[in-house]
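Note that ligands are numbered from 1 as they come in the structure, with each ligand's atoms numbered from 1 the same way. Numbers here are sequence positions counted from 1.
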Amino acid sequence: MLLGVNVDHVATVREARREMEPDPLTAAELAVLGGADGITLHLREDRRHIQDRDLINVRREISIELNLEMAATKEMISIALKVRPDMVTLVPEKREELTTEGGLDLIKGRKKIKYAIDIIQGSGIPVSLFINPSDSDIVISKELGARMIEIHTGLYANSKGRKKTEELNRVKKAVRKGLELGLQVNAGHGLNFANVKKIAAIKGLRGLYIGHSIIANSIYVGIEKAVREMKGLIDTNSR
Ligand code: PXP
């Protein structure tokens with residue numbers, strides 16, 4: 001199972017002082033040494049962390065899979081076509097949110113999302129839709145023609161006790177449904193060194209996309225080691 005490491009938080013620290021360090025490119029290079037299979041950058045409309053130059057630098061210097069997370073806007077579509085990441089993950093974006101809060105609204109956003117998928121996939125870049133673990137969203141993702149989906153694991157990550165088991169079962173069911181429809185299925189959001197094990201054990205998942213917990217732990221142990229530990233956990237539990 002693949003591990004995609006999101007290095008946005010490295011840019012968050014840099015932007016806190018509008019300095020040149022820490023550099024998300026260096027973080028990405030260290031993540032590669034730690035065994036990451038991919039690097040994710042979320043270029044937000046307000047550029048609060050990752051800047052356009054980060055995306056260009058990572059595209060130029062890093063050879064593992066580059067996943068560009070973005071909103072389905074005309075500006076972002078044109079950047080994706082220019083920079084040509086290995087994949088694009090469409091996410092909902094609200095200015096006031098601390099992080100991506102939920103999956104895409106595929107009913108309200110249907111037209112914009114379909115437009116983005118058609119153009120981006122038409123240019124040869126696969127598109128993944130970040131969606132809640134619901135059957136109807138998976139069916140719509142397939143109808144819209146997306147090659148991949150990423151199941152939002154935030155509710156699973158943030159719940160406790162019986163609710164946690166229920167949320168885990170929703171994620172498992174969503175993965176099965178996605179595979180049944182012939183989609184490539186990923187998962188992510190809120191995963192950490194404790195809760196990743198049960199998600200990694202779900203059969204058929206292509207990859208996990210993890211940011212906060214890896215970068216948080218890297219403050220203590222360094223990025224390379226934090227990535228290696230997460231990758232080890234995923235490998236052990238997905239066997
Ligand atoms: N997947 C998507 C689509 C996201 O938006 C994020 C957060 O940027 C992640 C995964 C990673 O989430 P976390 O930082 O909680 O690991």
Side-chain angles (χ1 to χ4, degrees), residues 1-13 15 24 27-28 31 36-50 54-55 58 65-72 76 80 85-106 109 113 116 126-133 137 141 146 148-159 167 171 174-175 178 183-200 205-219 223 226-227 229-231 233-234:
M1 192 175 294
L2 308 177
L3 168 62
V5 177
N6 179 319
V7 295
D8 294 349
H9 285 330
V10 176
T12 301
V13 174
E15 295 305 310
D37 302 292
I39 298 295
T40 297
L41 304 179
H42 183 176
L43 186 66
R44 295 186 76 103
E45 192 192 2
D46 62 10
R47 307 297 199 274
R48 70 170 75 152
H49 39 54
I50 294 296
D54 296 322
L55 182 59
V58 171
E65 179 183 273
L66 171 60
N67 173 29
L68 171 61
E69 260 186 44
M70 54 175 245
M76 289 302 153
D86 298 297
M87 62 183 277
V88 162
T89 301
L90 297 178
V91 296
E93 217 175 87
K94 292 194 210 111
R95 270 187 181 269
E96 64 281 11
E97 69 191 356
L98 291 179
T99 179
T100 317
E101 283 167 355
L104 288 160
D105 184 337
L106 297 181
I113 293 165
V127 172
S128 177
L129 301 182
F130 184 51
I131 56 170
N132 294 318
D137 281 352
S141 300
M148 275 188 251
I149 52 175
E150 180 180 336
I151 305 292
H152 193 315
T153 50
L155 279 177
Y156 157 73
N158 293 327
S159 55
E167 290 300 336
V171 174
V175 174
L183 295 163
Q184 291 189 292
V185 186
N186 302 302
H189 212 280
L191 297 178
N192 60 33
F193 290 81
N195 66 24
V196 75
K197 298 173 197 164
K198 288 193 171 148
I199 298 291
L205 267 178
R206 171 184 174 275
L208 301 181
Y209 290 91
I210 306 179
H212 182 86
S213 128
I214 290 177
I215 302 301
N217 272 275
S218 74
I219 291 173
I223 294 179
V227 170
E229 283 175 10
M230 183 61 86
K231 179 75 182 159
L233 270 177
I234 293 172

J.: Which distance, rounded to the nearest 0.5 Å, do you find between the CG of Leu233 and the CG of Leu3?
T.: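 The CG atom of Leu3 is 10.5 Å from CG of Leu233, to the nearest 0.5 Å.
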J.: Which option wins on minimum heavy-atom distance to atom 12 (O) of ligand 1: His42, His189, Glu93?
T.: His189
J.: Parallel under 30°, tilted from 30 to 60°, perpendicular over 60°: which one fits the rings of His212 and His9?
T.: perpendicular
J.: Can you check whether Glu69 has an N/O within less than 3.5 Å of an N/O in ligand 1?
T.: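 N/O-N/O distance below 3.5 Å exists for this pair.
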J.: Just going by heavy-atom distances, which of His49, Glu150, His9, Arg44 is nearest to atom 10 (C) of ligand 1?
T.: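 Answer by nearest heavy atom: Glu150.
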J.: Show the atoms of ligand 1 that are less than 4.0 angstrom away from any heavy atom in His212.
T.: 13 (P), 14 (O), 16 (O)
J.: Can you find an N or O of Gly190 that's nearer than 3.5 Å to an N or O of ligand 1?
T.: yes
J.: Looking at Asn6, which atoms of ligand 1 are within less than 4.0 Å of one of its heavy atoms?
T.: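 In order of number, 8 (O).
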J.: At what distance, to the nearest 0.5 angstrom, does CE of Met1 lie from CD1 of Ile234?
T.: 7.5 Å
J.: In terms of side-chain heavy atoms, does His42 have a donor or acceptor partner in Glu93 at a distance below 3.5 Å?
T.: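 A pair is found: one side chain offers a donor N or O, the other an acceptor, under 3.5 Å apart.
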J.: Any side-chain heavy atom of Val196 sitting closer than 4.5 Å to one from Leu208?
T.: yes
J.: Side-chain donor-acceptor pair under 3.5 Å between Asn67 and Thr40, yes or no?
T.: yes
J.: What atoms of ligand 1 come closer than 4.0 angstrom to any heavy atom of Val91?
T.: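 Near Val91, meaning under 4.0 Å from one of its heavy atoms, ligand 1 has 3 (C).
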J.: Are any of the N or O atoms of Gly211 closer than 3.5 Å to those of ligand 1?
T.: yes
